Amino acid sequence: MSQSYVLAVDFGGTKAGVALADPDGRVLASARLAILADRGAEQAVERTLEVACRLVDGFGRDALRAAGVASPGIVLADRVLLAPNVPGWSELRLQERFEQALGVPAVCATDVKAATLAEARWGHLHGVRTGMYLNLGTGIAVGVVVDGAVLTGAHGAAGEIGYNLSAADEPAGPHDGRAPLEERVGGRAVGERGRAVGGTGDAASVFALAATDSAARAFVEATLGELAVHVANAAILVDPERIVVAGGMVEAADAVLPVLEAVLKRAVPFPPELAVARFAQDGPLVGAAALAWESLR
C-alpha cells in the first residue's frame, strides 16, 4: 500500500507553494509558481490546481488523504474577507475548488494561523501551553496557541495586529480595510518608507544600510521601537511562555530580535522567551499540511 500523504498549498503575496507531506510534516514533493496577481485570482487558483494535480498524479492519488490551503485574508467557505489586493480573491470558494479538483476533503485557513499550527505541531511552540507566533513580513500579525490549539476568534481574525491603532489613527467612521500598524512597520512599508534614508525600496536594503548610516539606523530603531510596543501589548494580553518570530524581516534577526526582547523585558510582567520560528520562511506551507492532517483526526 502506498504511503499516506496530504496536499499542502500556500498562496503567498507573489508566489504559491505546493507540497505533498507525510504525517510527520516531511515534504515528499514540492513546487512553486508565480501568483501573477495583476491577472486576477482565478488564473492563480487554476494554475495552482494544475500543479497540485500533477504532483498528486505522480505520487499516486490513492494515497492522498486530504488537502490544506493557507491564504491571506479570513478564509470562509464562500468568500475571503480582508482579502489581498488581487482582483477576484474575495469571491474565491477555495475549499470547494480544491475538493472538486482532488476528490478529498479540503480545509482552509488564514496563512498566519496555519503557520502558527505548524509551530505548535512540529516546531518551537510544540509542548508550549501558551505561545505566540509573530509574523513579520509584508503583513504583520500574531497567532496564539493555547493547549495546542490555535485561537481563531469570533470571526477568524484573532491576532490581526496589523490593524492596531495609535492615537493618531483614531478612526472617523466604519472600518475601511486599512491596517495602520502594517502600513508603518510591515516589510513593504519599511522598504517604501526607507527610500527617504537611502534604501532601494525593500526592507533588506534598509536594514543593511542601517549598519553604516546614521539616518537609516535612526529610522530602523524608531520603526522597530513602534513594532515592539505593539508586540509587548499583545504579550501582556496573552501572557505567552514563548514567542516565535517568522517572516521576511527575520532575515534581519540580529537587528530585530534585540529590540523586541528589550521592550518585552521592560514592559511585560512575565517576559516570554523569544526565538526564531523553526519554520521561519515556510510556515504557512508546513501549516497547510498540519491543517490537512488535523482535519483527519
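The shown structure was predicted, so the numbers you read here are calculated from the model rather than taken from an experiment. Numbers for residues simply follow the sequence, beginning at 1.
- You'll find the side chain of Val244 stays beyond 4.5 Å of the side chain of Val276, heavy atoms only.
- Judged by distance alone, the side chain of Ser295 and the main-chain N or O of Val107 form no donor-acceptor pair under 3.5 Å.
- The closest side-chain heavy-atom distance from Cys108 to Gln95 is below 4.5 Å.
- A ring-centre distance under 6.0 Å is found for Phe11 and Trp89.
- One finds a salt bridge joining Arg184 and Glu226 here, because a Lys/Arg side-chain nitrogen approaches an Asp/Glu carboxylate oxygen to under 4.0 Å.
- Atom CG in Leu64 sits 6.5 Å away from atom CG in Leu7 (nearest 0.5 Å).
- No salt bridge links Arg278 with Glu119; every basic N to acidic carboxylate O contact stays at or beyond 4.0 Å.
- Under a 3.5 Å cut-off, the side chain of Arg61 and the backbone N or O of Gly103 do not form any donor-acceptor pair.
- Expressed to the nearest 0.5 Å, how far CZ of Phe207 lies from CE of Met249 amounts to 5.5 Å.
- When side chains are defined from C-beta on, Ser71 counts as touching Leu94, because their heavy atoms get closer than 4.5 Å.
- Not a single donor-acceptor pair under 3.5 Å links the side chain of His124 to the backbone N or O of Ala277.
- Residue Leu274 forms a side chain to side chain contact (heavy atoms under 4.5 Å, CB included) with just one option from Leu134, Leu257, Val231, and that option is Leu257.
- Checked by atom type and distance alone, the side chain of Tyr5 pairs as donor or acceptor with a backbone atom of Gly60 at under 3.5 Å.
- Not a single donor-acceptor pair under 3.5 Å links the side chain of Lys113 to the backbone N or O of Gly287.
- In terms of heavy-atom proximity, Leu285 sits nearest to Gly17 at CD1-O, 3.5 Å.
- Put simply, the side chain of Ile243 reaches to within 4.5 Å of the side chain of Leu264, judged on heavy atoms.
- Using a 4.0 Å cut-off between charged nitrogen and carboxylate oxygen, Glu294 and Arg121 count as a salt-bridge pair.
- In this structure, the side chain of Arg129 does not engage the main chain of Gly148 through any donor-acceptor pair within 3.5 Å.
- Contact detail for Ala37 and Pro87: the closest heavy-atom pair is O-CD, 3.5 Å.
- In this structure, the side chain of Gln43 engages the main chain of Gly40 through a donor-acceptor pair within 3.5 Å.
- The minimum heavy-atom distance between Gly225 and Val259, with the atom names listed, is N-CG1, 4.1 Å.
- The number of heavy-atom neighbours closer than 6.0 Å to CG of Asp24, taken from other residues, nucleotides and ligands shown, is above 12.
- Glu182 is not listed as a side-chain neighbour of Arg188, based on a closest heavy-atom distance of 4.5 Å or more.
- Taken to the nearest 0.5 Å, the CZ atom of Arg93 stands 15.5 Å off from the CZ atom of Phe98.
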| task | I would like to know whether Arg217 and Asp213 meet salt bridge (charged side-chain N to carboxylate O under 4.0 Å, His left out); could you show each step before the answer? | result | CA-CA 6 Å; Arg217 187 180 310 114; Asp213 181 84; over 6 Å; no
| query | What's the verdict on salt bridge (charged side-chain N to carboxylate O under 4.0 Å, His left out) for Arg79 and Glu91, showing C-alpha distance, side-chain angles and the deciding distance? | reply | CA-CA 5 Å; Arg79 60 194 185 281; Glu91 286 81 45; over 6 Å; no
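- Side-chain contact check for Val18 versus Thr48: some heavy-atom pair is nearer than 4.5 Å.
- When each of Val220, Val250, Thr223, Leu136 is checked for a side chain to side chain contact (heavy atoms under 4.5 Å, CB included) with Val256, only Leu136 meets the rule.
- Interatomic distance, Leu76 CG to Leu81 CG, rounded to the nearest 0.5 Å: 4.5 Å.
- In this structure, CD on Glu261 lies 11.5 Å from CZ on Arg266, to the nearest 0.5 angstrom.
- The shortest non-hydrogen separation linking Gly153 to Ala158 is N-CB, 3.7 Å.
- Using a 4.5 Å heavy-atom cutoff, the side chains of Trp293 and Ser4 are in contact.
- Applying the side chain to side chain donor-acceptor pair (under 3.5 Å) criterion to Glu42, with sequence neighbours excluded, gives Arg97.
- Here the closest heavy-atom approach between residue Ala253 and residue Pro258 is recorded as O-CD, 3.5 Å.
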| Given Arg47 and Leu36, is the side-chain contact (heavy atoms from CB on, under 4.5 Å) satisfied, shown in steps? | CA-CA 10 Å; Arg47 291 188 299 106; Leu36 306 179; 3.5 Å; yes
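- In terms of heavy-atom proximity, Leu165 sits nearest to His230 at O-CE1, 3.7 Å.
- Note that CD1 of Ile161 and CG of Asn233 are 9.5 Å apart. Values are rounded to the nearest 0.5 Å.
- The closest side-chain heavy-atom distance from Leu20 to Val6 is not below 4.5 Å.
- Distance alone, capped at 3.5 Å, places no donor-acceptor pair between the Glu241 side chain and the Thr130 backbone.
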